[in-house]
2 protein chains.
Amino acid sequence: MVETTHSDERGAICLSQPCIHPAAIRAVNAAMPEFGRLAELADFYKLFGDPTRLRILAALGIAELCVCDLGVLLAMKQPAVSHQLRVLKQARIVRARREGKVVYYALKDEHIRHVLRVGLAHLGEQPEAGEGG
Amino acid sequence: MVETTHSDERGAICLSQPCIHPAAIRAVNAAMPEFGRLAELADFYKLFGDPTRLRILAALGIAELCVCDLGVLLAMKQPAVSHQLRVLKQARIVRARREGKVVYYALKDEHIRHVLRVGLAHLGEQPEAGEGG
DNA sequence: TGATCATATGAACATATTTTCAATCGATTC
DNA sequence: GAATCGATTGAAAATATGTTCATATGATCA
């Protein structure tokens with residue numbers, strides 16, 4: 001039976017705070033990925049959460065490009081592009097290939113393209129964005 | 001023929017900046033989703049890019065919960081949880097249901113769960129995170 | 001070797017985000 | 001209708017993030 005008061009017989013989770021559904025909380029705690037894993041996942045999604053980075057990824061999803069090309073394509077200064085590419089490279093979602101003076105960037109693997117597709121699919125299914133009240 | 005100088009015969013894209021691969025730039029411009037669409041998509045991913053919000057989503061992916069439960073579960077103050085829930089609700093990825101004094105939150109649809117799964121799958125496939133140099 | 005091109009890096013600045021505290025709103029109960 | 005409980009809102013403070021400018025690196029070519 002699910003108690004509806006704020007006392008939890010196990011006491012480990014609810015501490016001194018009120019807690020309306022202790023059983024639900026225990027269930028979620030048991031099934032939810034651990035904190036560290038979710039923190040990693042948040043960091044991963046964060047990469048896609050910036051317009052500049054996302055446009056870089058979308059562009060690299062179509063063709064291998066050099067830093068200069070990306071700067072022109074996104075109408076951004078080269079250092080700005082380079083900074084973001086460094087972030088993406090460290091996160092291992094793009095790879096760099098040097099050819100003389102020019103460095104070519106590309107998506108690391110097909111998986112990244114898949115993530116982009118899933119997101120775009122979500123937008124496509126949305127009725128229309130707006131207030132949720 | 002692909003010119004390697006910084007002049008683009010169409011002139012619209014490369015402006016005055018140097019531009020190494022005009023043909024590639026034109027190709028990407030033609031195939032890439034438009035700016036506004038990518039900005040929307042970035043906003044969508046941004047929701048998943050914060051540990052607090054992601055944990056809220058992960059929890060709601062398992063059970064419907066009230067604000068108070070989430071506060072306990074994430075060890076956070078109620079207003080902090082409430083603020084993030086508002087963001088998620090406005091983005092239409094969670095829904096709220098009031099029952100007396102208590103407001104229950106849940107994922108809006110199955111699609112959100114799918115997005116979470118895809119992300120976790122990516123982490124699973126990763127060799128190990130670290131420097132990309 | 002010196003000049004030049006493409007890229008990378010560092011520090012500073014500007015901007016966003018998130019959390020907190022305090023106060024308010026809504027609904028129930030006495 | 002006053003008190004209480006859960007949830008929301010607003011403003012302020014603390015952090016984090018992204019872009020810019022100036023400069024350094026690495027590679028090519030004269």
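Proteins get letters first, then strands, A, B, ... in listed order; numbering begins at 1 in each. This is a predicted model, so every value here is computed, not measured.
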Would you check if A:Ile112 and A:Phe48 make a side-chain contact, meaning some heavy-atom pair closer than 4.5 Å? yes
Show your working on side-chain contact (heavy atoms from CB on, under 4.5 Å) between A:Leu38 and A:Met32 and close with a plain yes or no. CA-CA 9 Å; A:Leu38 288 175; A:Met32 192 163 64; 4.1 Å; yes
Measure the acute angle between the ring planes of B:His21 and A:Tyr104, then classify it against the limits of 30° and 60° as parallel, tilted or perpendicular. tilted
Show me the donor-acceptor pairs within less than 3.5 Å that the side chains of residues 50-61 of chain A make with the rest of the protein, sequence neighbours left out.
residue	atom	partner	partner atom	Å
A:Asp50	OD2	A:Thr52	N	3.1
A:Asp50	OD2	A:Arg53	N	3.1
A:Arg53	NE	A:Leu47	O	3.0
A:Arg53	NH1	A:Gln84	OE1	3.1
A:Arg53	NH2	A:Lys46	O	3.1
A:Arg55	NH2	A:Leu74	O	3.2

In this structure, how many angstroms lie between the C1' atom of C:dA6 and the NE2 atom of B:His21, rounded? 11 Å
Using the six-membered base ring of C:dT9, report whether A:His83 stacks on it, requiring centroids under 5.5 Å and planes under 30° apart. yes
note: B:Leu70, atom CG; D:dG6, atom C1'; distance rounded to Å ~ 13 Å
Looking only at heavy atoms, the pair that brings B:Leu41 and A:Leu116 closest together is CD2-O, 4.2 Å
Below 4.0 Å: OP1/OP2 of D:dG6 and any side-chain N or O of B:Tyr105: no
Starting at CD of B:Gln78 and ending at C1' of C:dT20, how long is that distance when rounded to a whole Å? 13 Å
Residue pairs passing the salt bridge (Lys or Arg N to Asp or Glu O under 4.0 Å) test where at least one lies in residues 29-38 of chain A, sequence neighbours excluded: A:Arg37-A:Glu40
Rounded to the nearest Å, what distance is computed from the CZ atom of residue B:Arg97 to the C1' atom of nucleotide D:dT8? 18 Å
If you take any heavy atom closer than 4.0 Å to DNA chain C, which residues from residues 54-66 of chain A end up in contact? A:Cys66
Pull out every residue in residues 43-53 of chain A that has a heavy atom closer than 4.0 Å to any atom of DNA chain D, ordered by number, or say none. A:Lys46, A:Asp50, A:Thr52, A:Arg53
Do A:Leu85 and A:Leu70 have side-chain heavy atoms sitting under 4.5 Å apart? yes
To check you understand the geometry: which heavy-atom pair defines the closest contact between B:His114 and A:Val118, and what is its length? CD2-CG1, 3.9 Å
Nearest-angstrom distance from the residue atom CG of A:Leu88 to C1' of D:dT17: 14 Å
Does any pair with a residue in residues 104-122 of chain B pass salt bridge (Lys or Arg N to Asp or Glu O under 4.0 Å), and if so which ones, sequence neighbours excluded? B:Glu110-B:Arg113
Figure out the CE/C1' separation between B:Met76 and C:dC21, and round it to whole Å. 14 Å
Let me know the distance between CZ of B:Arg86 and P of C:dC25, rounded to the nearest Å. 16 Å
Given C:dT20, D:dT8, C:dT7, identify the nucleotide with an atom nearest to the side chain of B:Lys77. C:dT20
Produce a footprint string for nucleotides 24-30 of chain D: one letter per nucleotide, 5' end first; B if the base is under 4.0 Å from any protein heavy atom, S if only the sugar-phosphate is, - if neither. --BBS--
Min side-chain heavy-atom separation A:Pro22-A:Arg26 under 4.5 Å: yes
Please state how far atom CZ in B:Arg95 lies from atom P in D:dA7, giving the value in whole angstrom units. 16 Å
Check the angle between the aromatic planes of A:His122 and B:Phe44 and answer parallel, tilted or perpendicular using the 30° and 60° thresholds. parallel
B:Gln84 side-chain N/O to C:dT19 phosphate OP1/OP2 under 4.0 Å: yes
Using a heavy-atom cut-off of under 4.0 Å over every strand shown, decide if A:Tyr104 touches base, sugar-phosphate, or nothing. nothing
Any side-chain to backbone donor/acceptor pair from B:Arg98 onto B:Gly100? Under 3.5 Å, distance only. yes
